[in-house]
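These notes concern the structure reproduced below.
Here is how names work: the chains are called A, B, and so on, in the same order as the sequence lines, proteins then strands, and each is numbered from 1. Just so you know, these numbers use all the heavy atoms, side chains as well, and skip hydrogens, waters and symmetry mates.
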Amino acid sequence: MADKITSRSQDYSQWYIDLVRSAKLADYSDVRGCMVIRPNGYAIWEKMQAALDRMFKETGHVNAYFPLFIPESYIAKEAEHIEGFAPECAVVTHGGGEELTEKLYVRPTSETIIWASYKKWIQSYRDLPILINQWANVVRWEMRTRLFLRTAEFLWQEGHTAHATREEASEEVMRMIGIYKKFAEEYMALPVIMGRKTDSEKFAGADETYCIEAMMQDGKALQAGTSHHLGQNFAKAFDCQFQTAEGRLDHVWATSWGVSTRLIGALIMAHSDDRGLVLPPKLATRQVVIIPILRGDRSAVLAGAETIARTLNQQGIPAFVDGSEQNSPGWKFAEYELQGIPLRIEIGPRDLAENKCIAARRDTLEKTELALDDTLPLRISEILNNIQQNLFDKALQFRTDNTREVSTYEEFRLAVEKGFVIAHWDGTAETEAKIKEETKATIRVLPAEDDYIQQYSMNEPGTCIFSGNPAKQKVVFAKAY
RNA sequence: CGGGGCAUGGCGCAGUUGGUAGCGUGCCUGCUUUGGGAGCAGGAGGUCCCGAGUUCGAGUCUCGGUGCCCCGACCA
């Protein structure tokens, strides 16, 4: 046995760390809070990027790149923004051996430097909308870090759009959070609740923040993506006005939205098990590993394996053969399970004689015999689709099983230790803060999707779980990452 | 920023009253193996985190420093 992973039941947090390291997704760096994303981890990010980037382009967005360094005076322009971000910023004070006349902030997010440009680019309503996305790294000097979930430097995409009206910006905010939900559910097989954040949880400088919130296997919530309505806050801070069709001057309306490499952490914590990573096929660079059992007529077995790989690759199913003789088949089984390859095919002399092979799926660990004929690629793609669907179904079932509606604060305190809690809230920040102080649970989301609202009758008025005051609606509470 | 832990071959660890460093795994070579992390034999590999001190002698004792991890408060 090589890298042994701590079991989830024994220590969930340690399980996560062991998994990330032994599946070679990421490694610690000697720089505090920073990580090295290894090829196995980066491959997942590349799959995510490809799918998201396509979805952004399909909705009219274009990519650009803005500088890593932001002048201090820019960051300082939006009061709430600097208050929120300044404490966690890295600041460059020297360059070329000289002290800089103005300090440069390493971007924690790019609103300010982008709006300094937008101010130059926008004069008329004819210049709007601007729909720009950038793929970049950002730095936030976090107190405490966790691989993928929270690191001092991370990779993300940030969309920054400029609009002529509040309504148009609102539509953009909802369109993008909708895309994130679609991506999470269709690609990551991760069910999410889409909705709004309370004021205390919203982005520094935003009027409104929408999010997608997911449940991890320990019942805790993870914010997987955000979309912000920035109102005219940044336009005002940067004096960015435009002339309307009617000839009036107005400040530009803004949105920003992002997802980060944190999604990789979400993916791991949602689906993986004590044997290692479990990857949804749509995010697996390598979907099928073929392991020849090299006994008897080795070259025939190896040729059989290669033929399967070639056939699958021709059908667009990424497959590869591990025919190395350095490791035993058993070793390879364990290794590729650790790495989360969705499907394994075993083929040996016995199979070859009977013109079949064994398929073992990563999610359920079930083994099936498959005939080696023209139907093989189809059967395999069916299994892969089935894995993708099964992961989503399982995660959704888990979320449902670990979501509880409560009507008393006593019930609340117990339930919130085990998952999501649906409860009435009086809408005040005071109540929210006290609940957080006493239970560590926060309001994760005010759901904004019909199915979820109906399922838990979120809009039904009632009595606040904490204060006993009238409450217009229920909200989702949970402990969060 | 508080509390705790760790620092010794690539990785994981042991190292007793101070005496010149060892185990597992991985790596290299060869042979035998191969349907759930194979076996045997041989081999390579270490500034013991850094600095100072005590001592004939420090991985070990003393003082100082650094780094990382974990748990909490803050955050995507």
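Judged purely by distance below 3.5 Å, without hydrogens or angles, the side chains of A:Ser13 and A:Arg146 pair a donor atom with an acceptor atom. Using modelled atom types, one finds a donor on one side chain and an acceptor on the other under 3.5 Å when comparing A:His228 with A:Thr209. A side-chain donor from one of A:Asp18 and A:Gln14 sits under 3.5 Å from a side-chain acceptor of the other.
Shown for residues 343-359 of chain A: residues whose heavy atoms fall under 4.0 angstrom of RNA chain B, namely A:Arg344, A:Glu346, A:Gly348, A:Pro349, A:Arg350, A:Asp351, A:Ile358. Residues from residues 280-292 of chain A lying near RNA chain B, meaning a heavy-atom separation below 4.0 Å, are absent. Of the residues in residues 200-209 of chain A, not one places a heavy atom less than 4.0 Å from an atom of RNA chain B.
Of the residues near RNA chain B, A:Phe154 and A:Arg298, the one whose nearest nucleotide (by heavy atom distance) lies more toward the 5' end is A:Arg298.
Other residues, nucleotides and ligands contribute at most 12 non-hydrogen atoms within 6.0 Å of the NZ atom of A:Lys103.
In this structure, the ring-ring contact (aromatic ring centres under 6.0 Å, His included) partners of A:Tyr336, at least two apart in sequence or on a different chain, are A:Phe320. In this view, A:Thr439 satisfies the side chain to side chain donor-acceptor pair (under 3.5 Å) rule with no residue, not counting sequence neighbours. Remark: A:Pro191 engages A:Glu185, A:Phe392, A:Ala395, A:Leu396, A:Arg399 in a side-chain contact (heavy atoms from CB on, under 4.5 Å) (not counting sequence neighbours). Not counting sequence neighbours, the partners of A:Thr145 by the side-chain contact (heavy atoms from CB on, under 4.5 Å) test are A:Glu142. In this view, A:Ala116 and A:Tyr74, A:Phe238 satisfy the side-chain contact (heavy atoms from CB on, under 4.5 Å) rule, not counting sequence neighbours.
Between B:G5 and B:A38, the distance separating the two C1' atoms is 37 Å to the nearest Å. If you take atom P in B:C23 and the same atom in B:G45, they sit 15 Å apart, rounded to whole Å. The same atom, P, is picked in B:G10 and in B:U47; the two are 8 Å apart, to the nearest Å. With C1' as the reference atom, B:G9 and B:C28 are 15 Å apart, rounded to whole Å. Using atom C1' as the reference point in both B:U8 and B:U20, the two lie 15 Å apart (nearest Å). As rounded to the nearest Å, B:C50 and B:G67 have C1' atoms that lie 10 Å from one another. The separation of B:C48 from B:G22, taken at their C1' atoms, amounts to 12 Å, rounded to a whole angstrom. Comparing the C1' positions of B:A41 and B:A7 gives an interatomic distance of 35 Å, to the nearest angstrom.
Aromatic ring centres of A:Tyr180 and A:Phe183: separated by at least 6.0 Å. Taking the six-membered ring for Trp and the full ring otherwise, the centers of A:Trp45 and A:Phe148 sit at least 6.0 Å from each other.
Taking a pair as Watson-Crick or G-U wobble with both distances under 3.5 Å, the runs of three or more consecutive pairs in RNA chain B are B:1-7 with B:66-72, B:10-13 with B:22-25, B:27-32 with B:38-43, B:49-53 with B:61-65.
Contact check on A:Lys440 versus A:Glu417 returns no salt bridge, with no Lys/Arg side-chain nitrogen under 4.0 Å from an Asp/Glu carboxylate oxygen. A salt bridge between A:Glu172 and A:Arg175 is present, with a side-chain N of the basic residue lying under 4.0 Å from a carboxylate O of the acidic one. Salt-bridge check for A:Lys434 with A:Glu437: failed, with every basic side-chain N at 4.0 Å or more from each acidic carboxylate O.
Counting non-hydrogen atoms under 4.0 angstrom, A:Ser13 reaches the backbone sugars and phosphates but no base. Among the atoms of the strands shown, none is found under 4.0 Å from any heavy atom of A:Arg21. In this structure, A:Gln14 reaches neither bases nor backbone, as no heavy-atom distance under 4.0 Å exists between it and the strands shown. Contacts of A:Ser260 with the nucleic acid, taken as non-hydrogen atoms under 4.0 Å apart, include base atoms. Contact annotation for A:Lys440: backbone-only contact, meaning every heavy-atom pair under 4.0 Å involves sugar-phosphate atoms and none involves a base. Among the heavy atoms of the strands lying under 4.0 Å from A:Glu88 are primed sugar atoms or P, OP1, OP2 only; no base atom is included.
A donor and an acceptor atom sit less than 3.5 Å apart, one in the side chain of A:Lys367 and one in the base of B:G36.
What separates CZ of A:Arg146 from P of B:C70 is a distance of 8 Å, to the nearest Å. Between the CD atom of A:Glu366 and the P atom of B:G36 there is a distance of 18 Å, rounded to whole Å. Here B:C1 presents its P atom at 13 Å from CH2 of A:Trp141, a figure rounded to the nearest Å. Atom CG in A:Leu338 sits about 18 Å away from atom P in B:G36, given to the nearest Å. Rounding to whole angstrom units, CD of residue A:Glu438 and P of B:A73 are separated by 14 Å. Atoms CG (A:Leu294) and P (B:U32) sit 15 Å apart, rounded to a whole Å. One atom, CD of A:Glu142, and another, P of B:G72, lie 15 Å apart when rounded to the nearest Å. Atom CG of A:Asp274 and atom P of B:G36 are 21 Å apart (whole Å).
Under the side-chain contact (heavy atoms from CB on, under 4.5 Å) rule, A:Cys211 has a single partner from A:Arg444, A:Met194, A:Lys197, which is A:Lys197.
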Quiz: residues 361-370 of chain A side-chain donor-acceptor pairs under 3.5 angstrom, not counting sequence neighbours:
from	atom 1	to	atom 2	distance (Å)
A:Arg361	NE	A:Asp363	OD1	2.7
A:Arg361	NE	A:Thr364	OG1	3.3
A:Arg361	NH1	A:Asn386	OD1	2.9
A:Arg361	NH2	A:Asp363	OD1	3.4
A:Arg361	NH2	A:Asp363	OD2	2.6
A:Arg361	NH2	A:Asn386	OD1	3.1
A:Arg362	NE	A:Leu277	O	3.1
A:Arg362	NE	A:Glu337	O	2.8
A:Arg362	NH1	A:Asp273	OD2	2.9
A:Arg362	NH2	A:Asp273	OD1	2.7
A:Arg362	NH2	A:Gly276	O	3.1
A:Arg362	NH2	A:Leu277	O	3.2
A:Arg362	NH2	A:Glu337	O	3.4
A:Asp363	OD2	A:Asn390	ND2	2.7
A:Thr364	OG1	A:Glu366	N	3.3
A:Thr364	OG1	A:Glu366	OE1	3.1
A:Lys367	NZ	A:Glu346	OE2	3.2

When you compare the protein's N or O atoms with those of nucleotides 38-40 of chain B, which come within less than 3.5 Å of each other, and at what distance?
from	atom 1	to	atom 2	distance (Å)
B:A38	OP1	A:Ser328	OG	3.4
B:A38	OP2	A:Ser328	OG	2.5

Protein-nucleotides 67-69 of chain B N/O pairs closer than 3.5 Å?
from	atom 1	to	atom 2	distance (Å)
B:C68	OP1	A:Asp30	O	3.4
B:C68	OP1	A:Arg32	N	2.6
B:C69	O3'	A:Tyr28	OH	3.4

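Distance check: A:Thr255 OG1 to A:Glu208 CD gives 12.5 Å after rounding to the nearest 0.5 Å.
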